[in-house]
Amino acid sequence: MNSSSNCKCSLTAGLVGLSLAGFLLSLYTSYVEIRAERDHSYEAMCDISERISCTKVFTSPYGRGFGLIGPLLGEDSPLNIPNGFFGIFYYFLVAGLSFSNSIRITRLTTYLIGLSNLLSVYLAYLLYFVLEDLCIVCVSTYAVNLISLILVLQKGQILVREDQVMKVIKKDR
């Protein structure tokens with residue numbers, strides 16, 4: 001096995017590991033939101049103070065449909081679900097796509113992860129400037145998304161280089 005294959009395997013493992021972390025964070029997010037909706041006295045482990053509270057964020061209008069779907073499609077829209085549910089699906093999808101060494105699939109994964117980072121910037125803005133809160137789970141998710149972007153970009157570069165080398169080798173034959 002050459003160093004390029006080792007590197008691709010390490011990047012794939014990193015992406016899958018980060019997807020697992022994001023999946024678990026999304027599960028926890030969903031659990032906290034559902035539990036808080038049913039029991040208004042519920043305090044999550046991530047509720048540290050008045051200004052450091054994930055429950056406050058998850059139960060805000062921005063905790064469902066990213067605060068966008070409800071106003072656009074209506075609060076009763078089947079797409080106006082807790083953000084954690086979107087995360088569960090998203091991280092499962094990214095983990096599955098990460099196993100591919102196809103340039104096209106890696107590009108698709110790069111676009112998905114890039115989109116999640118744009119969404120993270122939007123949600124971070126809401127978190128700090130609109131809700132004036134610090135959500136440890138949210139910030140952890142933003143970190144997972146950023147590191148995933150770095151890894152998928154590295155994997156894409158390796159795949160493109162390998163493809164270019166293979167084209168040169170075929171041309172020389």
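Predicted model only: the values in this text are computed from it and were never measured.
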Thr12: partners by side chain to side chain contact (heavy atoms under 4.5 Å, CB included), with sequence neighbours left out: Val16, Phe99, Asn101, Lys155

Only counting residues at least two apart or in another chain, list the ones meeting side chain to side chain contact (heavy atoms under 4.5 Å, CB included) with Thr29. Phe58, Val137

Pairs of donor and acceptor atoms involving the side chains of residues 70-88, under 3.5 Å and at least two apart or interchain, shall be tabulated with distances.
from: Glu75; atom 1: OE1; to: Asn80; atom 2: ND2; distance (Å): 3.2
from: Ser77; atom 1: OG; to: Leu79; atom 2: N; distance (Å): 3.2
from: Asn80; atom 1: OD1; to: Gly70; atom 2: N; distance (Å): 3.4
from: Asn80; atom 1: ND2; to: Glu75; atom 2: O; distance (Å): 3.2
from: Asn83; atom 1: OD1; to: Gly65; atom 2: N; distance (Å): 3.2
from: Asn83; atom 1: OD1; to: Phe66; atom 2: N; distance (Å): 2.8
from: Asn83; atom 1: ND2; to: Tyr62; atom 2: O; distance (Å): 2.8

Please test Arg64 against Glu37 for salt bridge (charged side-chain N to carboxylate O under 4.0 Å, His left out), starting from the C-alpha separation and ending with a verdict. CA-CA 12 Å; Arg64 289 183 162 266; Glu37 283 178 355; 3.3 Å; yes

Would you call the rings of Phe23 and Phe92 parallel, tilted or perpendicular, taking 30° and 60° as the class edges? tilted

Which heavy atom in [X] sits nearest to a heavy atom in [Y], and how many Å separate them?
X: Tyr28; Y: Ala44; value: OH-CB, 3.6 Å
X: Leu159; Y: Ser102; value: CD1-O, 4.0 Å
X: Val144; Y: Ser148; value: O-OG, 2.8 Å
X: Ala124; Y: Tyr142; value: N-OH, 3.4 Å
X: Ser100; Y: Thr106; value: O-OG1, 3.8 Å
X: Cys7; Y: Ile158; value: SG-CD1, 3.3 Å

Test: Lys167 and Glu162 ion pair at under 4.0 Å: no

Report the distance from atom [atom1] of [X] to atom [atom2] of [Y], rounding to the nearest 0.5 Å.
X: Leu112; Y: Asn145; atom1: CG; atom2: CG; answer: 11.0 Å
X: Ser60; Y: Leu126; atom1: OG; atom2: CG; answer: 8.0 Å
X: Thr141; Y: Leu18; atom1: OG1; atom2: CG; answer: 11.5 Å

Do Tyr91 and Leu24 have side-chain heavy atoms sitting under 4.5 Å apart? no

Full working for side-chain hydrogen bond (donor to acceptor under 3.5 Å, both in side chains) between Thr55 and Tyr42: CA-CA 9 Å; Thr55 303; Tyr42 172 71; over 6 Å; no

Residues Asp47, Ser53; criterion side-chain hydrogen bond (donor to acceptor under 3.5 Å, both in side chains); working and verdict: CA-CA 4 Å; Asp47 292 339; Ser53 170; 3.0 Å; yes

Worked check of side chain to side chain contact (heavy atoms under 4.5 Å, CB included) between Tyr31 and Leu27: CA-CA 6 Å; Tyr31 171 79; Leu27 273 177; over 6 Å; no

Hey, quick one: are Phe89 and Ile105 part of the same hydrophobic cluster, counting side-chain heavy atoms closer than 4.5 Å, chains of contacts allowed? yes

